[in-house]
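These notes concern the structure reproduced below.
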Protein chains: 2
Amino acid sequence: MVAQAAGVSPSTVSRLLNGTARVSPEKRATIEVAIEALGFVVNPVASGLAGGRSRCIGVITQALSSPFYGNALLGIEDVLIGANYAPLFVSGHWRPRDEQRCINSLLSRRVDGLIILTPSLPDAELLALARRLPLVVTGRQLTGPGLCSLDFDNHAGAYLATEHLIRLGHRRIAFIKGTASHPDATDRLRGYKAALKAHGIAFDPALTVPGKFIEEGGEQATEHLLASGTAFTAMLAANDQMAYGAALALYRRGLRIPDDVALVGFDDLLGSSYTLPPLTSVRHPIQEIGRQAARAVTALIQGQVCEMQAPAPSLIVRDSCGAAPSVRVSHPV
Amino acid sequence: MVAQAAGVSPSTVSRLLNGTARVSPEKRATIEVAIEALGFVVNPVASGLAGGRSRCIGVITQALSSPFYGNALLGIEDVLIGANYAPLFVSGHWRPRDEQRCINSLLSRRVDGLIILTPSLPDAELLALARRLPLVVTGRQLTGPGLCSLDFDNHAGAYLATEHLIRLGHRRIAFIKGTASHPDATDRLRGYKAALKAHGIAFDPALTVPGKFIEEGGEQATEHLLASGTAFTAMLAANDQMAYGAALALYRRGLRIPDDVALVGFDDLLGSSYTLPPLTSVRHPIQEIGRQAARAVTALIQGQVCEMQAPAPSLIVRDSCGAAPSVRVSHPV
DNA sequence: GCCTGTCGTGAAAGCGCTTTCATAGTTGTG
DNA sequence: CACAACTATGAAAGCGCTTTCACGACAGGC
């Protein structure tokens with residue numbers, strides 16, 4: 001340790017740097033001068049080895065390039081850097097095997113905590129993992145020792161969106177429900193059904209179609225629906241990307257939004273302010289959820305119990321349902 | 001070291017694990033059995049400390065949530081994991097100060113190499129950095145020891161797009177040029193000018209407007225242009241996100257794409273297949289560039305000189321210029 | 001059959017920190 | 001004023017690996 005050359009023992013320097021114990025003001029000054037002079041920076045690798053903690057948080061996302069998860073990462077990064085932790089981003093690609101590989105890799109790197117965005121691993125595995133190190137998961141309700149979960153109210157969001165369409169007079173509302181295995185998909189479907197029921201509209205299975213949670217999925221689902229001949233006047237997509245795909249499919253058929261079909265998305269991606277027409281969508285403040293998740297791990301690491309509350313969903317009304325005033329829409333943060 | 005308990009010396013185990021030297025088949029077998037039995041996994045932190053290399057590559061992107069850079073990260077991740085390196089993603093937010101902070105942080109983490117996507121730091125700094133460790137940069141032409149750059153031909157791309165519009169009969173082609181300080185912006189502007197010149201069209205400064213490289217920038221630039229009263233029949237945006245913004249601004253003014261104004265973007269983001277109408281755009285295979293960058297660092301680390309060639313630009317013609325057949329467009333990879 | 005080369009292996013010295021443990025110095029209390 | 005209770009500091013023992021160095025074993029060449 002270089003700073004030792006300038007007066008005192010390595011232990012004292014270490015203590016000063018980590019705030020482990022009090023150091024007399026004189027020594028403190030001497031050390032600080034020496035550090036400055038030598039341009040010393042700690043080696044996190046060495047301190048990780050010696051101290052057993054790395055000041056790193058592993059963050060497992062599902063798709064590094066997803067516009068949705070990207071914003072979560074932004075929020076996480078921001079908070080973590082502020083708390084002097086370094087995020088380690090890896091992507092699990094929705095595959096439990098990849099996710100497990102990521103976890104093992106992060107574990108071997110001795111991360112101090114883990115954030116998994118919508119894990120694909122079963123609850124039991126996550127609970128077991130949480131026993132090894134602080135864990136925060138999103139998109140799932142789960143409680144246990146060393147575990148904190150942050151679940152967005154997908155049911156309420158879908159309810160809101162469906163009700164909006166109903167209030168506009170729509171009765172035949174199609175729903176692109178996403179991938180069946182995805183927990184968000186099932187919750188959103190429940191919300192859709194609940195809203196229909198609350199307004200006395202019978203649920204018609206022919207109006208719900210599955211689709212992969214990307215543009216192409218929405219496009220294919222819509223083509224499928226159109227080909228089936230089922231009549232509908234409005235569509236709700238379980239995420240914005242599928243809504244974009246749906247819009248394209250409608251466009252190719254010569255159907256206009258909102259005149260022929262009203263369209264609502266889910267997530268309110270940044271790009272949804274810029275579709276033609278701008279898309280009405282359920283706001284899912286994923287960046288804020290990212291921030292909360294980051295705060296939760298740091299709390300967990302300090303041994304605090306954490307009780308996080310995901311922000312409530314809200315509906316951002318734009319032009320795609322024909323009822324919005326066609327004024328300038330302010331951009332989401 | 002645990003595996004030592006099962007027969008031989010730690011050195012031998014280390015040699016086997018790293019392939020540093022030959023190990024007799026018998027010992028090899030014994031060790032492998034022991035490793036299996038003990039469920040041993042190496043501790044990268046310790047080996048990083050001891051060996052001086054971490055098998056980590058620092059990757060500095062500018063925006064973690066950007067749909068454009070996100071794809072680059074995907075390509076990088078894929079190749080790096082295949083080469084048994086772990087990527088460390090951080091974002092510089094276009095700010096030289098943040099970028100420098102990221103570099104320092106990665107350096108202190110003892111990364112074995114660095115990839116910087118369109119750095120905002122000056123050439124001299126990068127050259128100096130490359131003397132410290134293998135460095136790959138994109139979006140800039142730079143050569144030096146330990147340095148490899150990968151520059152996309154923005155000039156040719158813009159030329160291609162402009163020429164396409166000219167061939168369709170447009171003479172008054174507006175250009176949203178992006179942020180003046182961004183190197184991509186200036187190259188694309190040059191390409192635009194060159195194409196005009198080659199076709200005997202005088203360059204009209206009133207037709208080029210700046211704009212931040214995001215949707216909002218394109219929107220504001222277009223509003224500005226429309227307000228100025230300058231006549232034009234086509235627009236070229238220096239990236240797709242600005243093209244999306246431009247499309248919205250035109251839409252709000254009641255101008256139709258492609259009937260009233262033809263629109264061409266740049267980058268060919270995934271979403272550009274799904275805008276209404278689907279956007280004609282210059283294909284910028286950023287994911288492939290990411291892969292190449294990743295290959296380049298690993299080559300550089302092994303002391304090889306690298307001579308990478310970024311893929312040539314091409315124009316993906318969709319519906320936004322009115323000349324495309326309105327058939328189903330295949331999705332980009 | 002002696003000497004030089006090559007090969008597989010073990011011992012041991014770190015890599016740059018953290019952290020017990022021990023020590024000297026200081027203050028407090030009956 | 002002696003004894004306990006702190007406090008600030010140093011010495012030294014690792015954290016879990018890599019790597020140099022040295023050593024014995026065996027091969028080939030004169």
Side-chain angles (χ1 to χ4, degrees), chain A residues 1-35 37-56 84-86 104-112 132-133 301, chain B residues 1-35 37-56 84-86 104-112 132-133 301:
Chain A
M1 197 167 174
V2 234
Q4 165 193 20
V8 296
S9 84
S11 351
T12 310
V13 179
S14 170
R15 282 190 269 255
L16 174 63
L17 257 31
N18 299 294
T20 318
R22 250 173 317 190
V23 180
S24 74
E26 326 149 24
K27 302 232 173 206
R28 170 186 300 266
T30 325
I31 294 172
E32 278 169 355
V33 166
I35 286 179
L38 277 68
F40 172 78
V41 286
V42 294
N43 179 338
V45 182
S47 69
L49 217 213
R53 49 203 131 53
S54 56
R55 294 213 72 86
C56 277
N84 197 22
Y85 276 96
N104 291 337
S105 151
L106 290 170
L107 242 34
S108 80
R109 285 215 137 64
R110 302 294 190 274
V111 293
D112 295 342
R132 303 242 274 134
L133 86 175
I301 289 172
Chain B
M1 196 166 171
V2 234
Q4 163 193 22
V8 296
S9 84
S11 352
T12 310
V13 180
S14 170
R15 281 190 269 256
L16 173 63
L17 256 31
N18 300 295
T20 317
R22 253 172 316 192
V23 181
S24 74
E26 324 150 24
K27 302 235 172 203
R28 171 184 300 265
T30 324
I31 294 172
E32 279 169 354
V33 167
I35 286 178
L38 277 68
F40 172 78
V41 285
V42 293
N43 178 338
V45 181
S47 69
L49 216 213
R53 53 206 128 51
S54 55
R55 294 213 73 86
C56 277
N84 196 24
Y85 276 96
N104 291 337
S105 150
L106 291 169
L107 241 35
S108 79
R109 285 214 137 66
R110 302 293 189 274
V111 293
D112 295 343
R132 303 242 273 137
L133 86 175
I301 289 172

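Proteins get letters first, then strands, A, B, ... in listed order; numbering begins at 1 in each. In this text the structure is predicted, and so the values were computed from the model without any measurement. Every heavy atom of this structure was used, including side-chain atoms; hydrogens, water molecules and symmetry mates were not.
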Going by atom type alone, with no hydrogens or angles, which donor-acceptor pairs under 3.5 Å involve a side-chain atom of residues 44-55 of chain A and a protein atom two or more places apart or on another chain?
residue, atom, partner, partner atom, Å
A:S47, OG, A:P44, O, 3.3
A:S54, OG, A:C56, N, 3.3
A:S54, OG, A:R110, O, 2.6
A:S54, OG, A:D112, OD1, 3.4
A:R55, NE, A:N84, O, 2.8
A:R55, NH2, A:A83, O, 3.3

(request) Evaluate the side-chain contact (heavy atoms from CB on, under 4.5 Å) criterion for residues A:I31 and A:T12: first the C-alpha distance (whole Å), next the side-chain angles of each, then the deciding distance (0.1 Å), finally the verdict. (result) CA-CA 9 Å; A:I31 294 172; A:T12 310; 4.0 Å; yes
(request) Would you grab the first and last nucleotide of DNA chain D (5' to 3') that comes under 4.0 Å of any non-hydrogen atom in chain A? (result) D:dA8 to D:dG16
(message) Roughly what angle, to 10°, lies between the helix axis at the start of the helix from C:dC2-D:dG29 to C:dG30-D:dC1 and the one at its end, five pairs per end?
(response) 40°
Which residues in [range] have at least one heavy atom lying under 4.0 Å from any atom of DNA chain C?
{"range": "residues 10-22 of chain A", "value": "A:S11, A:S14, A:R15, A:N18"}
{"range": "residues 25-33 of chain B", "value": "B:K27"}
{"range": "residues 48-56 of chain B", "value": "B:L49, B:A50"}

(request) Select base, sugar-phosphate, or nothing to describe what A:V23 touches, counting heavy atoms under 4.0 Å on all strands. (result) sugar-phosphate
(request) Using a heavy-atom cut-off of under 4.0 Å over every strand shown, decide if B:V45 touches base, sugar-phosphate, or nothing. (result) nothing
Supply the atom-to-atom distance [X] [atom1] to [Y] [atom2], rounded to the nearest 0.5 angstrom.
{"X": "A:R109", "Y": "A:N104", "atom1": "CZ", "atom2": "CG", "answer": "12.5 Å"}
{"X": "A:R22", "Y": "A:R28", "atom1": "CZ", "atom2": "CZ", "answer": "10.5 Å"}
{"X": "B:I35", "Y": "B:L17", "atom1": "CD1", "atom2": "CG", "answer": "5.0 Å"}

(message) Side chains of A:V41 and B:L107, heavy atoms from C-beta outward: is any pair under 4.5 Å?
(response) no
(message) How close do A:V23 and A:K27 get, counting heavy atoms only, and between which atoms?
(response) CG1-CB, 3.8 Å
(request) Grab the two heavy atoms, one from A:S108 and one from B:V42, that are nearest each other, plus how far apart they are. (result) CB-O, 4.1 Å
